[in-house]
Amino acid sequence: MDSFARRLLAWFDEHGRHDLPWQREATPYSIWVSEIMLQQTQVSTVVPYFERFMCSFPAIDDLARADLDDVLAHWSGLGYYARARNLHRAAQRIVDELGGELPATVVELMALPGIGRSTAGAIVALAHGRREPILDGNVKRVLARYHGIEGWPGTAAVLKKLWRFAEQHTPSSDVAAYTQAVMDLGATLCRRGDPACERCPVRRGCRAARDGRQAELPSSRPRRSRRQRRVHVLLVRDDAQRVLLERRPATGIWGGLYSFPEIPSDTDAESWCGRNLNADVRGRRALPPIAHSFTHFDLTIEPTLLELGADSSVVMDRPEWLWYKPAMKSELGLPAPIAALLENVFDRSELCE
DNA sequence: AAACCGTGGAC
DNA sequence: TGTCCAAGGTT
């Protein structure tokens, strides 16, 4: 075992995190679920989602049997919803084709949707204690600083170096503890901003600490201008105060979740309603646009509120449509901004007249 | 290879 | 307020 791993393990015993929800009664399944939820998502955000998810789907069979809508509802607000669809699909494949047990090798795990090399390594190391490296955001930051690796860790060349060091440092014994230790070091001491080098167990060998370059490593992502998108949506409300929601396609933003129906920018709201809904429109009001800033693009939602007449019983229906009532919310997969907009529709007096 | 996929924390 | 980005993976 090299000195990096040895010092890290000693530090972890006293200062590491040992009481996270997925660390008690840890099973391959619970570790898998936690690793998927933790992808690009901070621990404090994941905790309540993990508790609710494991309560509703305590074992792989429960997840495999569940409706995708129910799984997406549990994921509402967490983001990156392909993770939930992949998790559900993988659970079904495990139950149907793999005897109901999560595979225990990196190669087999990576064959499942949503599991890449790092997540596969984490499952093998944490659940089975077998020697496999991981390379998540924490490890990238720790290793980039410790070895003074230049360049943004999104490029293949930098990743290759990082993986080699990750493999080199991973010990053959105490793999589970080491894996948790590296992540804890990155999360609690070797933070992105204001790293606590004076308390770091591996400061002695750290290139960045020696050169005072902690703030410059790892190099940040190249800047990129964000794309602008404008979307026109309809808030169709009938006289029973129900609102029309539409299930979005499985690919793209908010895939598989419910949102308001989008209409082409050059289409008039009432003509769309006449063609698609076959209902009579009693009132129409343009609502103020809502701006959202995502990582890769800026989205402006331009909502139009349509009130249907009392004879709205003649409205057409489609499989992707759902007439929403407030009580249904907890069972629905809703994007956070759409959930917020719905709250306004039903709670704000200006809209409820 | 580079773009895409969400949300909230931190500064 | 805007910007960066986090227990990454897929296309």
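So that the names make sense, note that chain A is the first sequence line, chain B the second, and so on, each numbered from 1. Source: prediction; values computed, not measured.
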By the 4.0 Å heavy-atom rule, please label [X] as base, sugar-phosphate, or nothing.
| X | answer |
| --- | --- |
| A/Arg229 | sugar-phosphate |
| A/Gly114 | sugar-phosphate |
| A/Thr41 | base |
| A/Leu87 | nothing |
| A/Trp22 | base |

Whole Å only: how far is the [atom1] atom of [X] from the [atom2] atom of [N]?
| X | N | atom1 | atom2 | value |
| --- | --- | --- | --- | --- |
| A/Tyr49 | B/dT7 | OH | C1' | 8 Å |
| A/Ile253 | B/dA3 | CD1 | C1' | 13 Å |
| A/Asn86 | B/dC5 | CG | C1' | 11 Å |
| A/Arg191 | B/dC11 | CZ | C1' | 13 Å |
| A/Gln39 | C/dA6 | CD | C1' | 12 Å |
| A/Phe12 | C/dA7 | CZ | C1' | 14 Å |
| A/Arg83 | C/dG9 | CZ | C1' | 10 Å |
| A/Leu257 | B/dC5 | CG | P | 14 Å |

Does the pair [X]/[Y] count as a salt bridge with the N-to-O cut at 4.0 Å?
| X | Y | value |
| --- | --- | --- |
| A/Glu216 | A/Arg145 | no |
| A/Asp211 | A/Arg207 | yes |
| A/Glu167 | A/Arg164 | no |
| A/Arg282 | A/Asp239 | no |
| A/Arg285 | A/Glu307 | no |

With no hydrogens and no angle check, just 3.5 Å: does a side-chain donor-acceptor pair link [X] and [Y]?
| X | Y | result |
| --- | --- | --- |
| A/Ser118 | A/Asp136 | no |
| A/Thr251 | A/Arg85 | no |
| A/Gln23 | A/Asp19 | no |

is_close_aromatic(A/Phe50, A/Trp22), centroid dist under 6.0 Å: yes
Pair A/His169 + A/His147: ring centers closer than 6.0 Å: yes
Side-chain donor/acceptor contact of A/His296 with base of B/dC4 under 3.5 Å: no
Nearest of [options] to any side-chain atom of [X]?
| X | options | result |
| --- | --- | --- |
| A/Gln42 | C/dG8, B/dG8, B/dG6 | B/dG8 |
| A/Ser118 | C/dG9, B/dT7, C/dA7 | C/dG9 |
| A/Trp254 | B/dG6, C/dG8, C/dA7 | B/dG6 |
| A/Phe294 | B/dC5, C/dG8, B/dG6 | B/dG6 |

Between N or O atoms, less than 3.5 Å apart, protein on one side and nucleotides 2-4 of chain C on the other: list the pairs.
residue : atom : partner  : partner atom : Å
C/dC4   : OP1  : A/Arg223 : NE           : 2.5
C/dC4   : OP1  : A/Arg223 : NH1          : 3.3
C/dC4   : OP1  : A/Arg223 : NH2          : 3.3

A/Asp268 vs A/Arg284 side-chain heavy atoms within contact, under 4.5 Å: yes
Upstream residue (5' side of DNA chain C) when A/Val43 and A/Pro113 are each assigned their closest nucleotide: A/Val43
Residue mapping more 5' on DNA chain C - nearest nucleotide basis, A/Met110 or A/Trp152: A/Trp152
Nearest-angstrom distance, C1' atom, B/dA3 to C/dA7: 22 Å
Pairwise P distance for C/dT11 and B/dG6, with rounding to whole Å: 14 Å
Contact list for DNA chain C against residues 135-144 of chain A - heavy-atom distance below 4.0 Å: A/Asp136, A/Gly137, A/Asn138, A/Arg141
Within residues 156-189 of chain A: residues closer than 4.0 Å to DNA chain C (heavy atoms): A/Gln180, A/Met183
C/dG8 OP1/OP2 closer than 4.0 Å to side-chain N/O of A/Gln40: yes
Short side-chain N/O contact from A/Tyr80 to OP1 or OP2 of B/dC4, under 4.0 Å: no
Side-chain donor or acceptor of A/Thr41 paired with backbone N/O of A/Gln39 under 3.5 Å: yes
Upstream residue (5' side of DNA chain B) when A/Arg227 and A/Pro335 are each assigned their closest nucleotide: A/Arg227
Nearest-nucleotide comparison on DNA chain B, the residue closer to the 5′ end among A/Gly77 and A/Gly193: A/Gly77
More than 12 heavy atoms from other groups under 6.0 Å of CZ on A/Arg227: no
Enclosure of A/Arg230 CZ (heavy-atom neighbours >12, cutoff 6.0 Å): no
